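Notes for the one structure printed next.
Hydrogens, waters and symmetry mates are skipped; everything else that's a heavy atom, side chains included, is used. When a ligand or atom number is given, it counts from 1 through the structure's own listing order. On a predicted model such as this, the values are computed, not experimentally measured, just so you know.
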Amino acid sequence: MSKVVAIDGPAGAGKSTVARLLAERCGFTYVNTGSLYRAIAWRAFAEKADIGALSPEFLSSVDLRYEKGVLLVNGVDPGAALRTPECAAAASRIAAQPEVRKFLLPVQRRTAESGWIVMEGRDIGSVIFPDAAYKFFVTASVEERARRRMAEHPDGKLSFEEIRKMISDRDHQDSHRAEAPLRQAEDAVLVDTSHLTIEQVVDTLCEYMKKNPKE
Ligand code: DC
């Protein structure tokens with residue numbers, strides 16, 4: 001068993017906030033794996049690499065490390081640069097490439113070497129840590145996820161319909177790729193957050209963990 005709480009699910013389901021708060025409550029380290037894909041996209045923009053087919057040479061030039069919980073990309077903390085819609089769209093494209101997933105596998109596994117972690121992504125319970133102590137699949141309807149995204153960026157330029165389409169396109173791309181598609185692991189607990197507050201979701205996960213203690 002790996003000392004991992006795996007939280008998978010589609011974009012915009014509230015995974016990141018839930019995973020971060022759960023990690024805080026439990027005193028575990030929080031790891032957001034989407035940032036790793038975004039970091040590669042960010043380096044690819046900087047190097048003008050071909051986003052559609054990243055070369056092994058390019059990948060071997062990317063150095064990903066955590067220092068005090070902060071992701072350093074070739075020694076630099078990219079901060080908010082990873083959160084742009086361009087970076088998200090490019091991350092989703094490169095995440096479909098088997099070489100990229102192979103490159104990130106050991107990077108992700110290493111993070112669990114020094115104690116309990118809450119790791120958030122798309123394939124944590126299915127591929128990265130199939131033996132995770134806990135597996136949750138956190139989701140919400142496309143409409144609810146679009147509403148939340150609108151509320152986060154009230155002065156954004158995109159309409160509700162445009163955001164809804166972006167989310168549904170990314171779901172499609174993430175769940176239909178050949179390599180490690182977004183899917184619920186058979187033994188993962190499904191949590192639909194459409195009608196729950198963030199606190200209620202965190203409570204649900206905590207209660208489940210309390211009822212099912214692992215060593
Ligand atoms: O969670 P996020 O939006 O930051 O993820 C960015 C992209 O990376 C997303 O479109 C899918 C991909 N991703 C993935 O394929 N596997 C993961 N474990 C995490 C993210």
Strictly below 4.0 Å, N to O, side chains only: are Glu161 and Arg164 in salt-bridge contact? yes
For ligand 1, which atoms sit closer than 4.0 Å to a heavy atom of Ala95? 12 (C), 15 (O)
Ion pair check, Arg147 and Glu144, cut-off under 4.0 Å: yes
At under 4.0 Å between heavy atoms, which part of Arg101 makes contact with ligand 1: side chain, backbone, both or neither? side chain
Nearest heavy-atom contact between Ala96 and Glu179 is O-CB, 4.1 Å
Geometric N/O contact Glu120 with ligand 1, under 3.5 angstrom: no
In this structure, does ligand 1 have an atom that sits under 4.0 Å from one of the heavy atoms of Arg177? yes
Do any nitrogen or oxygen atoms of Arg122 lie less than 3.5 angstrom from nitrogen or oxygen atoms of ligand 1? yes
In the protein, which heavy atom is nearest to atom 8 (O) of ligand 1, and how far is it? Tyr37 CB, 3.6 Å
Do me a favour and list the nearest non-hydrogen protein atom to atom 19 (C) of ligand 1 with residue, atom name and distance? Thr33 OG1, 3.4 Å
Looking at every heavy atom in both Ala133 and Trp116, which two are closest together, and how far apart are they? CB-CH2, 3.5 Å
So, Asp203 and Arg25, do they make that salt bridge, N to O below 4.0 Å? yes
Counting only heavy atoms not in Glu186 (residues, nucleotides, ligands), do more than 12 fall under 6.0 Å from its CD? no
Please determine if Lys15 has a nitrogen or oxygen closer than 3.5 Å to a nitrogen or oxygen of ligand 1. no
Run Ile128 and Thr33 through side chain to side chain contact (heavy atoms under 4.5 Å, CB included) and show every step you take. CA-CA 10 Å; Ile128 309 299; Thr33 60; over 6 Å; no
Select one of side chain, backbone, both or neither to describe which atoms of Glu179 lie under 4.0 Å from any atom of ligand 1, heavy atoms only. neither
Under 4.0 Å from a heavy atom of Gly121: which atoms of ligand 1 are those, numbered in the order shown and with their elements? 18 (N), 19 (C)
Output yes when the distance from some N or O of ligand 1 to some N or O of Asp174 is under 3.5 Å, and no in every other case. yes
For Lys214, is the NZ atom crowded, meaning more than 12 foreign heavy atoms sit under 6.0 Å from it? yes
